[in-house]
Amino acid sequence: MNRPDTGPIVALAALVVGLIAGEHLGAGSAPGALVLGAGALGSASFLCGRVRIAVAATALALLGAAVMARALDGQRNSPLAAAIATREVTTLHGVLTSDPDGGRFVATVLARVSVGTSHRTVLVSGSGADATRLRVLQAGDHVSLTGRVSLLRHTHADQRARWRHAVARLDQARLESLAPPTRLLAIADGVRNVVLRGTSSLAPTQRALVAGFLLGDTRGLPTDIEAAYRDSGLTHLLAVSGENVAFVLALVGPLLRRLSLAARTGVALAVILVFATMTRFEPSVLRASAMASIALLAALTGRPASRGRVLAFAVIALLLVDPFLVHSVGFLLSCGASAGIAFAEPAISRHLPGPGFVREPLAVSIAAQLGVLPVLLIAFGTFPLVTPLANLLAAPAAEALGVYGLVASATSGVVPRLGPMLQQPTALLVTWVTVVARAGAAVPLQLDRRASLACVAIAAAVASIICLRARRAAAVPDASPR
């Protein structure tokens with residue numbers, strides 16, 4: 001780790017500690033912690049050196065505790081509490097914040113609804129004919145829904161919705177009225193629909209995979225395909241990441257080069273915002289978009305920063321805005337992969353043998369997998385050992401798909417007649433990545449928590465032996481004649 005990166009990393013660690021502490025902190029303590037944290041953070045700007053780092057870390061710990069306590073209190077004491085207690089049938093008006101999902105007979109979707117003078121997020125659930133009506137909606141639609149308000153359940157889906165700020169369920173939901181998205185959501189949904197329409201010439205499974213590669217939308221994936229990508233460690237290819245943001249910026253690059261630096265930065269930030277909205281602000285997209293925005297602003301001010309600093313500042317900003325992201329597995333995996341690439345990839349690349357065109361992609365893959373390894377073991381208990389090799393084989397095709405697939409889909413969405421011809425390379429790229437995923441999933445080599453601890457112990461022992469030998473060699477006096 002570079003020395004200038006130490007401060008932001010320490011500050012980020014302190015913020016995470018504060019967020020965890022905030023889950024056990026009463027709401028009454030939050031205002032005091034918020035004031036103290038803000039004051040300490042302001043005073044840190046007048047300090048320097050280790051004192052500045054210590055004060056900033058303390059400030060962020062206090063702010064983290066405060067924002068988490070306030071967010072949890074907002075869930076527990078929402079304006080819907082009375083309706084939840086009586087399971088009241090009510091009509092709510094709001095905006096969908098996600099695309100509909102669910103099983104064969106049930107559809108669920110998140111909606112931010114108006115409750116008096118405030119707004120809250122609810123998990124809307126409909127079945128039968130009501131589910132059919134919900135499935136045709138998309139994020140940004142303005143809706144009126146009638147249903148029975150109830151507590152969130154203890155299922156995985158409901159708890160996931162809870163960490164996306166849902167305070168209740170709206171069961172047996174019936175759609176009463178519908179209005180299209182407006183402003184930014186209207187623009188983003190329009191572009192998104194053009195891209196998805198451009199994939200209509202592909203086979204259904206290929207179309208679902210392209211939606212995942214380009215937009216992170218995996219709702220249409222067959223179960224066996226989803227399992228193959230998961231078991232081979234290639235699921236991250238179906239989640240929009242920093243590469244996708246970079247691809248989009250690369251596509252508008254020729255236009256940006258004709259503008260002044262300030263105008264170029266403004267247009268690039270607008271493109272990032274529209275793309276993030278198209279992908280529904282998924283956690284990995286938030287991390288990638290925040291990093292890209294910070295890097296652009298740093299370049300505009302003439303103070304370019306390292307990847308490690310940009311990552312730390314981006315995660316700090318996102319966690320202060322939405323403390324519940326600390327419970328998002330997707331967000332943690334995205335941050336872990338970015339941290340591995342930022343801090344471990346250069347060293348791994350230097351020590352790997354072989355030509356650069358093999359060494360560098362392999363180093364990136366290994367570094368990313370090292371970064372996500374702790375999260376995968378904690379969340380899922382296992383880690384596929386074939387993942388680095390599978391990524392090395394699949395990544396070039398996935399990268400080509402991110403650029404060519406987006407251009408081909410957007411063009412085919414505007415001129416449908418070109419779709420069958422333009423999407424042939426897209427189909428080949430998708431097929432190759434899927435073949436790699438299926439082959440990787442067939443390899444039954446998994447690393448579990450116990451095996452990972454053994455590997456860490458062995459690695460630590462080997463490193464200790466190497467260090468001891470190096471010290472002994474340095475301690476031997478030079479006996480050569482002077």
Side-chain angles (χ1 to χ4, degrees), residues 19-20 23 68 71-72 74-76 78 80 84 87 96-112 120-127 130-131 134-135 139 147-173 208 211-212 216-240 279-287 319 322-336 372-384 441 446 448-449:
L19 291 172
I20 296 172
E23 296 185 19
M68 178 63 83
L72 289 172
Q75 278 193 326
R76 288 190 292 263
S78 75
L80 288 170
I84 293 172
R87 291 179 56 83
L96 300 186
T97 59
S98 71
D99 292 316
D101 201 356
R104 184 177 178 182
F105 303 106
V106 178
T108 58
V109 64
L110 289 172
R112 186 165 177 79
R120 290 294 187 274
T121 299
V122 297
L123 178 63
V124 180
S125 176
S127 59
D130 294 321
L134 288 177
R135 284 196 185 96
R148 189 178 299 276
V149 183
S150 63
L151 285 171
L152 290 169
R153 301 168 184 172
H154 294 289
T155 63
H156 173 74
D158 281 37
Q159 292 308 306
R160 184 171 180 266
R162 176 175 178 258
W163 292 121
R164 297 182 70 177
H165 297 274
V167 301
R169 291 177 60 93
L170 188 69
D171 290 319
Q172 304 167 23
D217 185 352
T218 59
R219 292 173 298 159
L221 283 181
T223 303
D224 61 325
I225 296 294
E226 193 171 5
Y229 274 78
R230 181 183 62 249
D231 295 342
S232 61
L234 297 180
T235 304
H236 66 95
L237 297 179
L238 301 174
V240 180
T279 55
R280 308 317 191 203
F281 294 103
E282 284 296 317
S284 58
V285 179
L286 287 175
R287 191 274 311 160
L319 290 178
D322 184 1
F324 286 178
L325 283 173
V326 77
H327 287 282
S328 168
V329 174
F331 182 74
L332 296 177
L333 287 173
S334 179
C335 293
V372 303
L373 178 60
V375 181
L376 288 174
L377 291 175
I378 292 172
F380 305 111
T382 60
F383 174 77
Q446 301 278 339
D448 59 16
R449 294 179 183 132

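Quick caveat, the model's predicted, so the values are computed rather than measured.
In terms of the salt bridge (charged side-chain N to carboxylate O under 4.0 Å, His left out) criterion, R112 has no residue partners (sequence neighbours excluded). Taking the side-chain contact (heavy atoms from CB on, under 4.5 Å) definition, one finds that A107 meets it with A131, L134, R135, sequence neighbours left out. The side-chain contact (heavy atoms from CB on, under 4.5 Å) test applied to I84 returns L80, V149, L151, A168, not counting sequence neighbours. Checked against salt bridge (charged side-chain N to carboxylate O under 4.0 Å, His left out), D217 has the following partners two or more places apart in sequence or in another chain: R192, R219. Under the salt bridge (charged side-chain N to carboxylate O under 4.0 Å, His left out) criterion, R280 pairs with D99, D189, sequence neighbours left out. Residues satisfying the side-chain hydrogen bond (donor to acceptor under 3.5 Å, both in side chains) test with R160, not counting sequence neighbours, are none. Legend: residues meeting side-chain hydrogen bond (donor to acceptor under 3.5 Å, both in side chains) with S334, ordered by chain and number and at least two apart, are R287. T155 pairs by the side-chain hydrogen bond (donor to acceptor under 3.5 Å, both in side chains) definition with D158, not counting sequence neighbours. Shown here are the side-chain hydrogen bond (donor to acceptor under 3.5 Å, both in side chains) partners of D101, two or more places apart in sequence or in another chain: there are none. When the side-chain contact (heavy atoms from CB on, under 4.5 Å) test is applied to S125, the partners found at least two apart in sequence or on another chain are V106, T108, R169, D171. Applying the ring-ring contact (aromatic ring centres under 6.0 Å, His included) rule to H165 yields the partners F324; only residues at least two apart in sequence or on another chain are considered.
Between T218 and G212 the shortest heavy-atom distance is CG2-CA, 4.3 Å. L123 approaches A166 most closely through the heavy-atom pair N-CB, 4.3 Å.
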Check residues 224-231 and write down every donor-acceptor pair under 3.5 Å in which the side-chain atom is one partner and the other belongs to a residue at least two apart or another chain.
| from | atom 1 | to | atom 2 | distance (Å) |
| --- | --- | --- | --- | --- |
| D224 | OD2 | R438 | NH2 | 3.4 |
| Y229 | OH | T434 | OG1 | 3.0 |

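Side-chain N or O atoms of R148 include one that pairs as donor or acceptor with a backbone N or O of R87 at under 3.5 Å.
Put simply, the side chain of F331 reaches to within 4.5 Å of the side chain of L319, judged on heavy atoms.
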